[in-house]
Amino acid sequence: MDPMSTPRPPLPMAGPGRLASIVLLAVALLSPAVLADATTEPKAVSLPATPAVLALKAIGWQSLEYSRSNIWASVSSRIVLHEVPAAALERRPLFDAEAVAGEALTPAGGRLLLLQAENQAASNRERLSSWFDPSANTLLQRCRVAYGRSDSRAQCYLYEDAAVWRERRERGGNGGPDEPEWVQGGAKTAAVPDWPVSSRVELARPAAIPADAGLTSPMLLLPLASAAPLEQTGDSQTVFVHTDHDFYRVTLRLKGRETIDVEYRLTAADGAIRKVVGQARTLVVALEAHAVGAARDEFTLLGMSGSLQLLLDPATRVPLAIRGNAPWIGQTELRLDGASLVE
């Protein structure tokens, strides 16, 4: 993809964190500068909900696509969910030290939810995979592989009861193949290249997080919000999220309803495709993020931070838009380009 129609200064090289910043800047350039606030409705506030079992039928959708482009830049994101057998979880070449792999969380049930995503901003792109155990409502493993113009690196996490192992790999001059086949266990995944390990460290899980609380990732908040029983204004569900460096307590709270303009491609469970154009009445779900302990970085989702909101279709639970703050421009949003549903 080459969104540049006139000469521009080169973009910075993309590591796992830096590509997110590039996505954030591209979204800021491509999205509206001013957006209407959500309109709340006078409904009773319900008690916080316990996390829903994260299964495709409860989520309602299997894939999402977001994109924006203009003469200066383009940004795109594709997110796909798969239900896979627990036996498909592959550790290697990650965390091959016995002291690490021996204490990793193991699947509590026979099926796992695999989230894969590919984000691109100009010539920089990243692939992500998150292996989530619906039976225990927690992450087992996740990886981010970033490909830049001259440097590429991978950052993976392995989850234990009281800690998280982080492993970093970087492609050197002779650091293995540039990109592995992106197929594993019958589903596309963000396969991790066998590059040299640059660091491996154990991160303590904060004591303030309850022992029986699972961890999730920022990207998994999309299916979590879709599956959550949020129907009335004030309904909420709280989860604990692990980012690249920090831990956050995030409350998904229904703030009200709002009508927005939409234009996207919808693929039904039977494969029928139709174009949806017009206005949609949406559920406005706020992501209220609070750091657990001292945070190194601000909480972000797809490069956006601050007052984050998901605007869900009440019938399909598809996130039709994602709102947040971008530097130099303030509040902005990504609009849905395409989605596929499940039965």
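No side-chain donor-acceptor contact under 3.5 Å links Arg265 to the backbone of Gly338. Of the possible polar contacts, one joining the Asp235 side chain to the Gln232 backbone as a donor-acceptor pair under 3.5 Å is found.
Put simply, CG on Leu224 and CG on Leu113 are 9.0 Å apart, with the number rounded to the nearest 0.5 Å. Between the CD atom in Gln141 and the CG atom in Leu114 there is a gap of 10.5 Å [rounded to 0.5 Å]. Taking CG from Leu115 and CH2 from Trp131, the interatomic distance works out to 11.5 Å, rounded to the nearest 0.5 Å. Separation of atoms CZ (Arg169) and OG (Ser152) is listed at 14.5 Å; rounding is to 0.5 Å. In this structure, Glu160 CD and Leu105 CG are separated by 7.5 Å, a value rounded to the nearest 0.5 Å. The structure places NZ of Lys255 at 9.5 Å from OG1 of Thr233, a figure rounded to the nearest 0.5 Å.
Listed here is the closest heavy atom pair of Met304 and Gly324: SD-N, 3.8 Å. Residue Leu283 comes nearest to Leu254 through the heavy atom pair CB-CD1, 3.7 Å, listed as atom of the first residue, atom of the second, then distance. The two residues Pro223 and Ile59 make their nearest non-hydrogen contact at CB-CD1, 3.6 Å. Between Ser307 and Asn325, the shortest heavy-atom contact is N-ND2, 3.4 Å. Between Ser135 and Gly109, the shortest heavy-atom contact is OG-CA, 3.5 Å. Nearest heavy atom pair, residue Leu89 against residue Pro107, reads CD2-CG, 4.5 Å.
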Test log, rule side-chain contact (heavy atoms from CB on, under 4.5 Å), inputs Val164 and Arg205:
CA-CA 7 Å; Val164 180; Arg205 173 176 164 135; 5.5 Å; no
Ring pair (Phe, Tyr, Trp, His ring centres under 6.0 Å) assessment of His290 paired with Tyr248
CA-CA 5 Å; His290 302 278; Tyr248 278 87; 8.8 Å; no
Point to revise | Criterion side-chain contact (heavy atoms from CB on, under 4.5 Å) on Val276 and Tyr264, from CA distance to verdict | key: CA-CA 5 Å; Val276 180; Tyr264 62 93; 3.7 Å; yes
Checklist entry - Checking side-chain hydrogen bond (donor to acceptor under 3.5 Å, both in side chains) for the pair Thr316/Trp61: CA distance, chi angles, key distance, verdict? => result CA-CA 7 Å; Thr316 64; Trp61 53 266; over 6 Å; no
| query | Going through the distances and angles, do Ser305 and Thr300 end up as a side-chain hydrogen bond (donor to acceptor under 3.5 Å, both in side chains)? | reply | CA-CA 4 Å; Ser305 62; Thr300 64; over 6 Å; no
side-chain contact (heavy atoms from CB on, under 4.5 Å) between Ile79 and Leu222, worked out:
CA-CA 10 Å; Ile79 302 157; Leu222 294 175; 3.4 Å; yes
Check the pair Val145 / Arg153 against side-chain contact (heavy atoms from CB on, under 4.5 Å), numbers first and verdict last.
CA-CA 6 Å; Val145 186; Arg153 63 192 66 181; over 6 Å; no
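Hydrophobic clustering of Ile, Leu, Val, Met, Phe, Trp and Tyr side chains at less than 4.5 Å, counting indirect connections, keeps Val318 apart from Val80. In the hydrophobic cluster analysis, where Ile, Leu, Val, Met, Phe, Trp and Tyr join through side-chain heavy atoms closer than 4.5 angstrom, Leu139 is grouped together with Val84.
The one candidate from Leu64, Asp313, Leu336 that meets the side-chain contact (heavy atoms from CB on, under 4.5 Å) condition with Pro319 is Leu64. Tested against Arg78, the residues Glu126, Glu65, Glu118 include a single salt bridge (charged side-chain N to carboxylate O under 4.0 Å, His left out) partner, Glu65. Partner of Phe132 under the side-chain contact (heavy atoms from CB on, under 4.5 Å) criterion, out of Leu112, Leu81, Asn137, Leu140: Asn137 alone.
For Glu83, there are no salt bridge (charged side-chain N to carboxylate O under 4.0 Å, His left out) partners at least two apart in sequence or on another chain. By the side-chain hydrogen bond (donor to acceptor under 3.5 Å, both in side chains) test, Thr216 is found to be paired with no residue, residues two or more places apart in sequence or in another chain being considered. Under the rule for a side-chain hydrogen bond (donor to acceptor under 3.5 Å, both in side chains), the partners of Arg168 that lie at least two apart in sequence or sit in another chain are Gln155.
Side-chain contact between Arg335 and Val262 is absent, with no heavy atoms from C-beta onward closer than 4.5 Å. Annotation: side chain of Leu310 is in contact with side chain of Leu287 (closest heavy-atom distance under 4.5 Å). Taking 4.5 Å as the limit, some side-chain heavy atom of Leu308 sits within range of a side-chain heavy atom of Phe299. Side-chain contact between Pro314 and Arg257 is absent, with no heavy-atom pair separated by less than 4.5 Å. No side-chain heavy atom of Thr138 sits under 4.5 Å from any side-chain heavy atom of Tyr159. Counting only heavy atoms from C-beta outward, the side chains of Ile273 and Leu266 never approach each other to under 4.5 Å. By the 4.5 Å heavy-atom criterion applied to side chains, Leu128 and Asn119 are counted as neighbours. Taking 4.5 Å as the limit, some side-chain heavy atom of Phe247 sits within range of a side-chain heavy atom of Ile209.
Counting non-hydrogen atoms of other residues, nucleotides and ligands closer than 6.0 Å to CZ of Arg249 gives a total of 12 or fewer.
Residues Thr251 and Ser236 have side chains that never bring a donor and an acceptor to within less than 3.5 angstrom of each other.
Judged by the 6.0 Å distance and 45° axis criteria, Arg142 is positioned over the aromatic ring of Tyr157.
For the pair Glu263 and Lys275, the salt-bridge criterion is met [side-chain N within less than 4.0 Å of a carboxylate O]. Using a 4.0 Å cut-off between a side-chain N of Lys or Arg and a carboxylate O of Asp or Glu, Glu258 and Arg323 qualify as a salt bridge. Electrostatic pairing of Glu167 and Arg144 does not count as a salt bridge here, judged by no charged N lying under 4.0 Å from a carboxylate O.
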